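Presented below is the structure to which this report refers.
The structure displayed is predicted, hence computed values, not measured ones. In the text below, chain A, chain B and the rest are named by the order of the sequence lines, each starting its count at 1.
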Amino acid sequence: MLDINFIRDNKEQVEQAITNKGEKDTSIVEKVLDMDEKWRSKVHEGDLIRAESNTKAKEIGKLMGQGKKEEAQAIIRETSEMKEKIKELEEEVRELSEEREDLLLKIPNVPHPSVPVGFTEEDNETFKTWGETDEREWLKPHWELTEKHGWIDFKRGVKVTGAGFPFYVGAVAQLQRALINYFINEGVKAGYTELQTPYFVNEDSARGTGQIPDKEDMMYEIPRDEFFVIPTAEVPVTNFHRDEIFELNEVPAKYVAYTPCWRREAGSYGKDVRGLNRLHQFDKVELVKIVKPEDSYDELESLREHAEKLLEALELPYRTLLMCTGDMGFTQSKKYDLEVWSPGQKRWLEVSSCSNFESFQARRMQLRYRKDEKDIETLHTLNGSGLALPRVVAAIIETYQEENGKVRVPEVLKPFFDRDHL
RNA sequence: GGAGAGGUGGCUGAGUGGCUGAAAGCGCUCCCCUGCUAAGGGAGUAUACCUCUAACGAGGUAUCGAGGGUUCGAAUCCCUCCCUCUCCGCCA
């Protein structure tokens, strides 16, 4: 959510941002400003009447205390009209405030000036490439190898739950566990605090990170208990500090958390969902930072570098994309995607997304810090995957495969294995 | 799941209808005093929003778990919900 005062002062910039993010109709800006105007005027009107009514109530109290019942009665009669008016205004204010809030929640975050303007994948900038893509023809896609070794059981996953909920069996289960450990360890080494989180969150939390109202369809729901199943650890982790005011020495706060992630992925099909490419449940190690506004763009770079180093340590060729305005989503102001090379599929797979939300999430969540004696300021939040597991697993299996179908264990994961091959 | 108790400011904890946005203590900040690993005195110390102001700032409204109700007036009474604690039950 943007600051209404910011919108008021930067109307054109916000409209431009909406356009650049791919939405043609920018009239919402006009609407929200109009609604805000109405809301403020009614709030003020209500405040004035309430002030008067409070004064009278105090007079009554005084008179009652002195036993002057007659005089008190006279004032009480005066207030009855006011009472109705207050109720009326309260109702109006409530409605206006709701409408205002609804509109405000529908306005996307403003992209950073360094973000390329564009609307399709082609408009994303390649920020960096690392390693040589392996184009050898005989390299097999991971699903053939896992099938051959019995490492991933998609069929039984379908039987037990449904499509997109595979079982990992034996060596690949071990590989995932090793990766989770490795990623968390690297996060902790880099100064992130490890967090284990709830996997269900309430509506306020889903709203806090912007899954509601923007991306409701991505989440599984548990209506009976009014929970949402987390689509990423970002949701519980960022909400960890919701409604809190940090002291100066408490920022930056940095967390690393492993959780499974559940996503409905409605409308996905074809090669995108083949094998481990897209699942309804997958594992991910997530990094979250809560930082001072002036630091957030430096923090974004270090977050990106941290994720990149994980891929480098695993010796997996990758590229980093700077996402264009139209491809980056509602809540971000700047986003990098890391894509690992899948030599068996001859394509890039997204394994990390590092974003700066500036104050967009923090404002919804009331995440602030005491800047000095007088000022309280909204913080900035960032997050990035470090990393998403299944596609890394796929890339490892494909990259480390040998012609006989065996798969070597990457060097950095050797401590987690007692052998050279999976 | 059943029975009971309770939710007040950063913390402890008063407060059962009016001068209580909230005593007192602790903590914290600033000032004064004090020559020493300390003590004493004074002042200040929630958040959001609105209005006025160029600004410093001033005023107003709301908030005592959340929402609703009664009342001229509610932390205080009533209802609903949430949460915490104790006992029982169940259980990894």
Side-chain angles (χ1 to χ4, degrees), chain A residues 1-9 32-105 196-208 222-228 236 239-251 253 260 359-379:
Chain A
M1 174 168 81
L2 292 174
D3 183 356
I4 185 72
N5 295 313
F6 176 84
I7 300 177
R8 206 179 300 152
D9 297 340
V32 79
L33 288 176
D34 182 50
M35 197 56 68
D36 180 57
E37 197 69 37
K38 283 185 189 151
W39 172 79
R40 271 167 36 223
S41 118
K42 285 291 172 190
V43 165
H44 190 224
E45 200 181 326
D47 281 358
L48 289 178
I49 292 184
R50 242 190 304 248
E52 200 183 337
S53 150
N54 284 346
T55 313
K56 296 224 156 138
K58 272 180 192 162
E59 277 174 45
I60 293 166
K62 210 176 271 176
L63 291 170
M64 294 294 237
Q66 295 165 355
K68 295 180 185 167
K69 277 212 168 142
E70 294 291 310
E71 289 175 48
Q73 280 302 329
I75 304 181
I76 288 175
R77 254 172 268 130
E78 285 175 37
T79 57
S80 66
E81 205 177 301
M82 248 184 252
K83 222 185 143 191
E84 273 171 48
K85 185 70 183 165
I86 289 173
K87 230 174 206 173
E88 221 171 88
L89 281 168
E90 270 176 359
E91 180 61 20
E92 285 180 64
V93 166
R94 201 183 54 77
E95 278 172 25
L96 287 169
S97 154
E98 257 171 45
E99 285 178 55
R100 171 181 177 270
E101 186 84 356
D102 282 351
L103 289 168
L104 216 40
L105 287 171
Q196 289 187 346
T197 78
Y199 297 161
F200 304 159
V201 295
N202 57 31
E203 191 180 327
D204 286 343
S205 298
R207 193 177 299 281
I222 302 176
R224 186 172 166 179
D225 298 292
E226 294 179 43
F227 290 138
F228 292 90
N239 277 284
F240 187 56
H241 289 292
R242 174 152 49 85
D243 294 328
E244 291 181 16
I245 297 176
F246 286 71
E247 295 303 327
L248 199 55
N249 61 6
E250 292 171 327
V251 281
S359 57
F360 197 81
Q361 289 182 329
R363 186 165 299 105
R364 278 191 208 190
M365 273 189 283
Q366 307 242 66
L367 263 183
R368 295 162 295 168
Y369 82 110
R370 210 172 291 282
K371 192 177 183 184
D372 52 53
E373 274 189 16
K374 284 197 295 189
D375 294 320
I376 287 175
E377 194 170 60
T378 303
L379 289 157

Side chains of [X] and [Y], heavy atoms from C-beta outward: is any pair under 4.5 Å?
{"X": "A:Glu45", "Y": "A:Lys85", "result": "yes"}
{"X": "A:Leu104", "Y": "A:Ile7", "result": "yes"}
{"X": "A:Glu59", "Y": "A:Glu71", "result": "no"}
{"X": "A:Ile4", "Y": "A:Arg100", "result": "yes"}

Which nucleotide, if any, forms a Watson-Crick or G-U wobble pair with [N], using both distances under 3.5 Å?
{"N": "B:C87", "value": "B:G2"}
{"N": "B:U16", "value": "none"}
{"N": "B:G73", "value": "none"}
{"N": "B:G67", "value": "B:C79"}
{"N": "B:A58", "value": "B:U51"}
{"N": "B:A43", "value": "B:U29"}
{"N": "B:C36", "value": "none"}

Can you list the residues that meet the side chain to side chain donor-acceptor pair (under 3.5 Å) rule with [X], with sequence neighbours excluded?
{"X": "A:Glu98", "result": "A:Arg94"}
{"X": "A:Gln73", "result": "none"}
{"X": "A:Asn202", "result": "A:Ser205"}

* Asked: Starting at the 5' end of RNA chain B and moving along, which residue's nearest nucleotide shows up first, A:Ile4 or A:Ile245?
  ->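 Taking each residue's closest nucleotide, the earlier one in sequence belongs to A:Ile245.
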Strictly under 3.5 Å: I want the nitrogen or oxygen pairs between protein and nucleotides 28-30 of chain B, one per line.
{"unit_1": "B:U29", "atom_1": "O2'", "unit_2": "A:Glu373", "atom_2": "OE2", "d": "3.4"}

* Check whether any side-chain N or O of A:Asp225 sits under 3.5 Å from a backbone N or O of A:Phe227 as a donor-acceptor pair, and report yes or no. =>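 No; judged by distance alone, with no hydrogens or angles, the pair does not exist.
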Does [X] have any salt bridge (Lys or Arg N to Asp or Glu O under 4.0 Å) partners at least two apart in sequence or in another chain, and if so, which?
{"X": "A:Asp47", "value": "A:Arg50"}
{"X": "A:Asp34", "value": "A:Lys38"}
{"X": "A:Glu203", "value": "A:Arg207"}
{"X": "A:Glu250", "value": "none"}

Between [M] and [N] - [atom1] atom distance, rounded Å:
{"N": "B:C49", "M": "B:C88", "atom1": "C1'", "answer": "48 Å"}
{"N": "B:C91", "M": "B:A23", "atom1": "P", "answer": "50 Å"}
{"N": "B:C19", "M": "B:C36", "atom1": "C1'", "answer": "47 Å"}
{"N": "B:G6", "M": "B:U16", "atom1": "C1'", "answer": "16 Å"}
{"N": "B:A14", "M": "B:A24", "atom1": "C1'", "answer": "7 Å"}
{"N": "B:U45", "M": "B:G60", "atom1": "P", "answer": "16 Å"}

Are any protein N/O atoms closer than 3.5 Å to N/O atoms in nucleotides 15-21 of chain B? If there are, list each pair with its distance.
{"unit_1": "B:G18", "atom_1": "N2", "unit_2": "A:Ala57", "atom_2": "O", "d": "2.8"}

* Asked: Which residue pairs pass the side-chain hydrogen bond (donor to acceptor under 3.5 Å, both in side chains) test when at least one of the two sits in residues 359-370 of chain A, sequence neighbours left out?
  ->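 side-chain hydrogen bond (donor to acceptor under 3.5 Å, both in side chains) check on residues 359-370 of chain A returns A:Glu234-A:Gln361, A:Ser359-A:Arg363, A:Gln361-A:Thr381, A:Tyr369-A:Glu377.
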* Starting at NZ of A:Lys87 and ending at P of B:U61, how long is that distance when rounded to a whole Å? ->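 Answer to the nearest Å: 20 Å.
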Between the protein and nucleotides 58-60 of chain B, which nitrogen or oxygen pairs are less than 3.5 angstrom apart?
{"unit_1": "B:G60", "atom_1": "N2", "unit_2": "A:Asp47", "atom_2": "OD2", "d": "3.2"}

* Pull out every residue in residues 360-369 of chain A that has a heavy atom closer than 4.0 Å to any atom of RNA chain B, ordered by number, or say none. =>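 The answer is A:Arg368.
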* To do: Might you point out which heavy atoms bring A:Leu367 and A:Arg242 nearest each other, and give the distance in Å?
  =>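 Heavy-atom minimum between the residues: CD2-N, 4.4 Å.
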* Would you tell me if any nitrogen or oxygen in the side chain of A:Arg40 comes within less than 4.0 Å of OP1 or OP2 on B:U61? =>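 Checking B:U61 against A:Arg40, no side-chain N or O comes under 4.0 Å of OP1 or OP2.
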